[in-house]
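A short write-up of the structure that comes next.
Lettering follows sequence order; numbering is per chain, from 1. Both backbone and side-chain heavy atoms feed into the values below; hydrogens, waters and symmetry mates do not.
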Number of protein chains: 2
Amino acid sequence: MSQGEMVGDLDHAVGYVLKQAAAALRTAMDAALRPMDLTVPQYACLELLGQRPGLSNADLARGVFVTRQSMNGVLRGLQDRGLVTRPTTAPQGRALPTELTTTGREQLRRASAAVQAIQQQMVSHLSPAAQRRLVDDLASCVAALSVSPTPTAD
Amino acid sequence: MSQGEMVGDLDHAVGYVLKQAAAALRTAMDAALRPMDLTVPQYACLELLGQRPGLSNADLARGVFVTRQSMNGVLRGLQDRGLVTRPTTAPQGRALPTELTTTGREQLRRASAAVQAIQQQMVSHLSPAAQRRLVDDLASCVAALSVSPTPTAD
DNA sequence: TGACTCATGTCAATATCCTGACACACAATC
DNA sequence: GATTGTGTGTCAGGATATTGACATGAGTCA
């Protein structure tokens with residue numbers, strides 16, 4: 001065992017390769033983020049906040065693909081370390097708009113650079129056109145899956 | 001809030017779209033597999049076993065992108081339901097070659113069909129050539145990330 | 001032969017995440 | 001003005017995955 005080179009038909013399945021790529025990216029990001037004491041969800045949260053300040057917990061959760069509860073925990077950790085700030089009282093409704101602190105912005109700067117390097121490495125074998133095409137096709141896949149959330153195939 | 005349509009620059013980041021696609025696929029697979037009481041790791045294990053019978057726990061774990069411990073739990077559940085069989089004594093070394101039972105094969109057949117439907121739906125907006133290209137590019141990404149497991153970007 | 005290294009399976013403890021549920025705030029409706 | 005509905009934040013419970021650790025078997029090399 002343990003040759004692990006020939007998985008046969010599986011290597012040609014879109015889903016498997018997609019998961020494989022996502023897992024590889026996750027591992028690489030985790031390794032790159034670890035030196036700065038950041039998990040992937042934490043980084044994703046920071047990045048989202050950097051691009052769209054004032055997002056609520058629920059919005060953040062949707063953007064990072066986790067539940068509100070998990071994002072709440074992530075946000076607590078970030079808030080505990082002074083990377084983000086949340087008002088104690090909701091200015092509008094119940095949503096607490098989260099924002100980056102100066103320290104958070106600095107951390108995000110470094111983390112974003114590291115992640116960008118990972119992403120560049122990931123697509124380094126692809127031409128710029130192919131990179132853009134890949135993003136496009138991936139987006140198409142997302143859209144195709146979003147149209148019917150519950151196919152309930154028999 | 002809650003428009004969630006315009007995430008700005010993030011939509012063009014390969015990593016983000018990749019994660020998005022993987023999350024969407026995971027959700028769809030989960031929904032499709034739930035009626036037959038199968039989780040995604042369980043299905044992945046079955047699929048792997050169907051294509052390469054006799055795989056060990058560690059090999060399975062690598063193929064499904066989880067730890068050996070997690071795969072052990074998955075395997076226990078599958079074995080408990082009579083979907084797979086593992087010898088109590090290792091014929092060679094310590095590895096216990098796992099194999100599908102008849103019931104397991106039948107379950108795999110149905111689950112595989114459902115997952116295939118999901119995959120088809122996912123790439124339904126892409127031409128066959130584009131689909132093949134996507135798999136190719138994704139594989140390229142995996143390879144590019146595998147060359148240096150620990151970039152340790154500053 | 002004996003020591004060393006590597007891979008495997010398994011156990012325990014920890015951490016993480018999700019499902020279910022509740023209370024609160026705003027908008028829409030009657 | 002009261003009611004329903006949607007969205008939000010938070011709490012508890014259970015399921016899941018991971019890290020750390022250990023004992024066993026196989027291969028390597030002095």
Going 5' to 3' along nucleotides 11-20 of chain C, which nucleotides have protein heavy atoms under 4.0 Å from the base (write B), which only from the sugar-phosphate (write S), and which from neither (write -)? B-----SSBB

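- The main-chain N or O of A:V142 is found under 3.5 Å from a side-chain atom of A:S146 such that the two form a donor-acceptor pair.
- Atom CG in A:L96 sits roughly 18 Å away from atom P in D:dG7 (whole-Å rounding).
- Taking atom CZ of B:R62 as the reference point, atom C1' of C:dG9 lies 12 Å away to the nearest angstrom.
- Atom C1' of nucleotide C:dT10 and atom CD of B:Q79 are separated by 14 Å, given to the nearest angstrom.
- Not one side-chain nitrogen or oxygen of A:R68 sits closer than 4.0 Å to the OP1 or OP2 atom of C:dA21.
- B:Y16 contributes no side-chain N or O that, together with a main-chain N or O of A:V64, makes up a donor-acceptor pair within less than 3.5 Å.
- Salt-bridge formation is detected for the pair A:D30/A:R34: a Lys NZ or Arg NE/NH1/NH2 atom is positioned less than 4.0 Å from an Asp or Glu carboxylate oxygen.
- Look at CE on B:M71: it is 15 Å from C1' on C:dT10, rounded to the nearest Å.
- In this structure, A:L75 atom CG and D:dT10 atom P are separated by 9 Å, rounded to whole Å.
- For the pair A:Q131 (side chain) and A:L126 (backbone), a donor-acceptor distance under 3.5 Å is present.
- Taking atom CG of residue A:D59 and atom C1' of nucleotide D:dT8, one finds them 10 Å apart after rounding to whole Å.
- For A:L60 and D:dT10, the CG to P distance is 13 Å, given to the nearest whole Å.
- For the pair A:N57 CG and D:dC11 P, the computed distance is 12 Å after rounding to whole Å.
- A donor-acceptor contact shorter than 3.5 Å is absent between the side chain of A:Q120 and the backbone of A:A117.
- A donor-acceptor contact under 3.5 Å is formed by the side chain of B:R94 with the base of D:dA23.
- Every residue two or more places apart in sequence or in another chain that forms a side-chain contact (heavy atoms from CB on, under 4.5 Å) with B:R109 is listed here: B:E106.
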